[in-house]
Student: 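Sharing a structure with you now.
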Amino acid sequence: MKKILIIQTASIGDVILVTPLLEKLHAFYPEARLDILIKRGNESLFEGHPFLHKVYIWDKKQRKYRNWYSILAQVQNEKYDLLVNVQRFFSMSLFAVFSKARQTVGFSKSPLSLFFTKRFPHHIGKRKGVFMHEVERNLSLIQYLTDSSSLSPRLYPTVAQYAKVSHLKTRQYICIAPASLWFTKQFPKEKWIEWVNRLDSDLYVYYLGGNADIALCNEIIEQTRVRNSLNLSGKLSLLESAALMRDAVMNFVNDSSPMHLASSVNAKTTAIFCSTVPEFGFGPLSDESIIVQINENLKCRPCGLHGYKQCPQKHFKCALSIRTDEIAVV
């Protein structure tokens with residue numbers, strides 16, 4: 001096995017959850033060249049990664065299909081020994097089929113998986129009485145080449161990235177990532193405000209997120225009394241955020257990409273689940289992880305695998321009924 005390509009062109013969290021494949025393939029095939037195909041916007045996750053040789057970047061927003069063909073031509077020229085397609089969309093199934101890789105492996109749910117060399121089930125929920133994490137589902141694709149052991153996600157912030165946030169670590173601090181791409185996955189702003197106001201006013205609190213989250217974090221800061229609050233949304237790269245999260249007293253996140261970012265550096269994590277449930281297999285994997293969710297059974301929960309832009313039932317009880325005194329105060 002000399003050349004291996006992994007494909008995952010979904011969101012940040014999904015990409016982080018394929019990193020155990022890199023770890024295991026490197027362990028079993030240390031001389032193999034490992035490459036990955038991801039969508040534009042996620043490439044900074046792999047800056048300075050010690051095992052990766054090449055990162056293919058698919059720009060989906062501009063000239064989407066021209067870029068797809070261009071990358072396919074490059075991959076065909078490489079003649080990979082193994083292509084592992086973690087993505088379950090038609091575009092990447094078609095890509096795998098025409099990749100000219102000697103072996104193509106993917107999930108049976110993928111369109112065109114009939115034409116893969118090997119295909120495996122993707123179970124959401126219990127399998128043989130046990131709930132599977134997405135990491136375990138991903139690793140099942142290469143079990144026939146490696147073993148059945150599980151691994152946690154792992155990213156590699158550089159020395160320079162740790163140095164950039166080192167001045168923020170002179171006092172004990174927590175990190176809060178209050179936003180989510182999906183409304184029903186996001187702990188409501190008023191709940192974050194209520195909870196933050198229960199914190200020690202002298203605690204250092206760092207808010208994390210992207211450019212789109214700056215306004216939300218500012219609103220929370222303006223309506224809370226913690227003096228040492230700093231909005232870092234849009235100011236840190238993904239790996240710089242991970243470097244900061246690693247040494248936090250605790251990281252408070254939604255069921256979203258910052259949760260997986262924390263797992264990738266084994267950072268202490270408190271994850272708040274609203275419309276989704278940990279049993280889907282996307283929960284935190286850090287050694288010290290706490291899950292907070294509603295205590296009562298709601299017939300409408302979970303309402304979906306990935307969340308919605310608004311509550312389908314219009315009441316959003318799965319989030320609004322979570323008591324802030326159930327979230328541990330540092």
Side-chain angles (χ1 to χ4, degrees), residues 1 3-30 32-58 80 82-88 92 105-107 120 122 132-143 145-159 161-162 177 208 236-246 251 253 255-269 271 280-289:
M1 197 80 69
K3 292 182 181 180
I4 302 171
L5 175 64
I6 296 171
I7 296 176
Q8 177 51 287
T9 58
S11 63
I12 294 170
D14 295 311
V15 174
I16 294 172
L17 293 180
V18 302
T19 59
L21 276 74
L22 296 173
E23 298 292 319
K24 182 163 283 194
L25 286 168
H26 177 73
F28 277 81
Y29 303 95
R33 180 181 125 179
L34 297 179
D35 297 341
I36 194 167
L37 169 56
I38 56 177
K39 74 174 181 179
R40 181 167 297 281
N42 295 340
E43 61 270 20
S44 64
L45 288 169
F46 298 109
E47 181 182 342
H49 195 287
F51 304 154
L52 277 176
H53 176 267
K54 183 177 180 63
V55 177
Y56 295 97
I57 303 168
W58 181 24
Y80 284 93
L82 174 67
L83 183 152
V84 184
N85 180 29
V86 183
Q87 182 61 274
R88 300 186 300 281
M92 286 298 106
V105 182
F107 291 112
F120 298 93
H122 185 274
M132 292 185 70
H133 197 279
E134 180 72 355
V135 161
E136 295 171 305
R137 293 191 283 262
N138 291 340
L139 286 171
S140 72
L141 295 176
I142 60 169
Q143 184 173 325
L145 293 169
T146 55
D147 63 20
S148 61
S149 64
S150 189
L151 294 171
S152 291
R154 187 170 183 190
L155 293 173
Y156 294 85
T158 64
V159 172
Q161 287 161 341
Y162 277 113
L208 302 178
L236 299 179
S237 71
L238 291 168
L239 288 182
E240 288 164 354
S241 295
L244 183 63
M245 296 174 91
R246 188 193 68 173
N251 296 282
V253 298
D255 173 19
S256 57
S257 57
M259 175 178 65
H260 304 305
L261 202 58
S263 293
S264 75
V265 289
N266 199 27
K268 296 176 182 178
T269 308
F280 281 156
F282 295 93
L285 289 172
S286 297
D287 291 340
E288 295 186 46
S289 300

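Being a predicted model, the structure only gives us computed values, none of them experimental.
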Student: Calculate, to the nearest 0.5 Å, the distance between atoms CG and NE2 belonging to Leu17 and His133 respectively.
Tutor: 6.0 Å

Student: Hey, does the side chain of Thr269 reach the backbone of Ser289 with a donor-acceptor pair shorter than 3.5 angstrom?
Tutor: no

Student: To the nearest 0.5 angstrom, please state how far the CE atom of Met245 sits from the CG atom of Leu239.
Tutor: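 Here the rounded value is 12.0 Å.
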
Student: Donor-acceptor pair, distance only, cut-off 3.5 Å: does the side chain of Ser286 make one with the backbone of Ala267?
Tutor: yes

Student: Check for me whether Arg88 meets the cation-pi criterion with Phe120, that is, NZ or CZ under 6.0 Å from the six-membered ring centre and within 45 degrees of the ring axis.
Tutor: no

Student: Please check: side-chain N/O of Thr9 versus main-chain N/O of Ile7, any donor-acceptor pairing under 3.5 Å?
Tutor: no

Student: Nearest 0.5 angstrom please: Leu261 CG to Leu155 CG, how far?
Tutor: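 That separation rounds to 6.5 Å.
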
Student: Is it true that a side-chain atom of Asn85 and a backbone atom of Val105 form a donor plus acceptor pair closer than 3.5 Å?
Tutor: no

Student: How many angstroms lie between atom CD1 of Ile6 and atom OH of Tyr56, to the nearest 0.5 angstrom?
Tutor: 13.0 Å

Student: Donor-acceptor pair, distance only, cut-off 3.5 Å: does the side chain of Asp287 make one with the backbone of Asn266?
Tutor: no

Student: Is it true that a side-chain atom of His122 and a backbone atom of Arg137 form a donor plus acceptor pair closer than 3.5 Å?
Tutor: no

Student: Please report the interatomic distance CD(Glu47) to CG(Leu52), rounded to the nearest 0.5 Å.
Tutor: 12.5 Å

